[in-house]
Asks: 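Below is a structure I'd like to ask you about.
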Amino acid sequence: MKKLITVFIAGVGFFFTSNLINAQQKIGHVNSDEVFANLSEAKTAESNVEAFTKTKQAEIEKLINTYQTKLKAAQDKEKTLSEANKETIMKELTAAQTELQELGASIEAARTKAAQDISQKQNELFTPIQKKVASMISTVAKEKGLAYVFDIATSQGNNNIAYMDGGEDITPTVKSKLGATSAPAKTK
């Protein structure tokens, strides 16, 4: 009888231990940088942002060239200053100085506007892709029964994981389901 009670207690202990082990939540990780790097939509969006940025830079460079041309003309005009034409040249130089200040302000305004436009273009192009990737991460996590998924991408600011032992990397599945091209994973 004593042996039966001992076996029963041991069996109950094993039962509760196995339930406790099964009750642990599964944790996975994903590298969203790798997903984005291999997703054709993200590559296209990046190319579009780069082209847009180059256009904005060209517009600013055109203003800078105009400024430099007018500055050189004013400096050349100043070299012709003499007592005979002093009054006329000074009026012209004052007008040139005012024009250069206005051009300088225009250049700064164009830089600010360009930065805003580029940021808006990035948001416009990348927000839908980010939502799509986030949705797929959720879908894959649910399919795999994961309670938590950590994004180990350095661009996400989560590079402070000092040690990671185990966990399930769902990056390949997310990439596959999104139709991203496969490339060798970068090692840390």
Side-chain angles (χ1 to χ4, degrees), residues 13-67 104-188:
F14 285 127
F15 176 74
F16 284 122
T17 302
S18 68
N19 279 345
L20 181 62
I21 290 171
N22 287 335
Q24 289 180 344
Q25 296 176 330
K26 289 176 65 180
I27 297 174
H29 60 275
V30 66
N31 186 337
S32 62
D33 285 347
E34 187 178 332
V35 172
F36 274 93
N38 293 286
L39 194 58
S40 62
E41 294 169 78
K43 291 175 185 177
T44 301
E46 185 64 34
S47 295
N48 289 342
V49 168
E50 286 175 12
F52 187 73
T53 300
K54 286 179 183 178
T55 301
K56 292 295 181 181
Q57 286 173 338
E59 292 171 6
I60 292 169
E61 286 174 15
K62 186 176 177 183
L63 287 171
I64 290 172
N65 287 338
T66 301
Y67 180 90
S106 294
I107 291 169
E108 287 306 310
R111 284 182 175 153
T112 301
K113 177 83 168 102
Q116 291 170 346
D117 290 349
I118 291 167
S119 178
Q120 182 180 350
K121 185 64 131 178
Q122 286 174 325
N123 287 337
E124 173 187 316
L125 294 174
F126 282 103
T127 298
I129 298 169
Q130 290 167 334
K131 286 180 180 177
K132 183 177 179 180
V133 169
S135 174
M136 187 55 65
I137 290 170
S138 295
T139 299
V140 171
K142 288 175 186 172
E143 287 175 1
K144 293 190 173 276
L146 302 175
Y148 299 98
V149 175
F150 293 97
D151 190 348
I152 59 171
T154 55
S155 70
Q156 298 299 315
N158 295 330
N159 58 351
N160 58 355
I161 297 175
Y163 179 75
M164 182 176 59
D165 184 19
E168 186 172 350
D169 184 2
I170 65 169
T171 305
T173 308
V174 171
K175 285 172 29 181
S176 171
K177 288 188 177 251
L178 286 171
T181 59
S182 291
K186 296 178 186 175
T187 56
K188 288 187 173 187

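Everything quoted here is computed from the prediction, not taken from an experiment. Values below: every heavy atom of this structure, side chains too, minus hydrogens, waters and symmetry copies.
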Asks: Identify the two heavy atoms, one from Ala141 and one from Ile170, that lie closest to each other, and give their separation to 0.1 Å.
Replies: N-CD1, 4.4 Å
Asks: Can you tell me how far NZ of Lys177 sits from OG1 of Thr139, rounded to the nearest 0.5 angstrom?
Replies: 7.5 Å
Asks: How far apart are the closest heavy atoms of Lys56 and Ala114, and which atoms are they?
Replies: CB-CB, 3.9 Å
Asks: Could you grab the distance from atom CD1 of Ile60 to atom CG of Asn65, nearest 0.5 Å is fine?
Replies: 12.0 Å
Asks: Evaluate Asp151 against Ser32 for side chain to side chain donor-acceptor pair (under 3.5 Å), listing each step before the verdict.
Replies: CA-CA 6 Å; Asp151 190 348; Ser32 62; 2.6 Å; yes
Asks: Does Glu46 reach the side chain of Lys43, with side-chain heavy atoms less than 4.5 Å apart?
Replies: no
Asks: By the definition side-chain contact (heavy atoms from CB on, under 4.5 Å), identify the one residue from Val140, Val35, Ile137 that meets it with Leu178.
Replies: Val35
Asks: What distance do Ile64 atom CD1 and Ile107 atom CD1 have between them, rounded to the nearest 0.5 Å?
Replies: 5.0 Å
Asks: Could you measure the distance from the CG atom of Asp169 to the OG1 atom of Thr171? Nearest 0.5 Å is fine.
Replies: 3.5 Å
Asks: Side-chain contact, heavy-atom cut-off 4.5 Å: Lys132 with Glu41?
Replies: yes
Asks: Can you find a pair of side-chain heavy atoms, one from Leu125 and one from Val49, that are under 4.5 Å apart?
Replies: yes
Asks: Do NZ/NE/NH1/NH2 and the carboxylate oxygens of Lys113 and Glu59 come within less than 4.0 Å?
Replies: no
Asks: So do Gln130 and Phe36 actually touch side chain to side chain, heavy atoms under 4.5 Å?
Replies: yes
Asks: Got a second to check how far Lys26's NZ is from Leu146's CG, nearest 0.5 Å?
Replies: 5.5 Å
Asks: Any heavy-atom pair between the side chains of Thr173 and Lys144 that's under 4.5 Å?
Replies: yes
Asks: Kindly indicate whether the side chain of Asp117, heavy atoms from C-beta on, has any atom under 4.5 Å from the side chain of Phe52.
Replies: yes
Asks: Taking Thr44 for the side chain and Ser40 for the main chain, is one N or O donor matched with an acceptor at less than 3.5 Å?
Replies: yes
Asks: Taking everything shown except Glu143 itself, do over 12 heavy atoms lie less than 6.0 Å from its CD?
Replies: yes
Asks: So, the side chain of Ser119 versus the backbone of Ala115: is there a donor-acceptor pair under 3.5 Å, distance only?
Replies: no
Asks: Can you find a pair of side-chain heavy atoms, one from Leu63 and one from Glu108, that are under 4.5 Å apart?
Replies: no
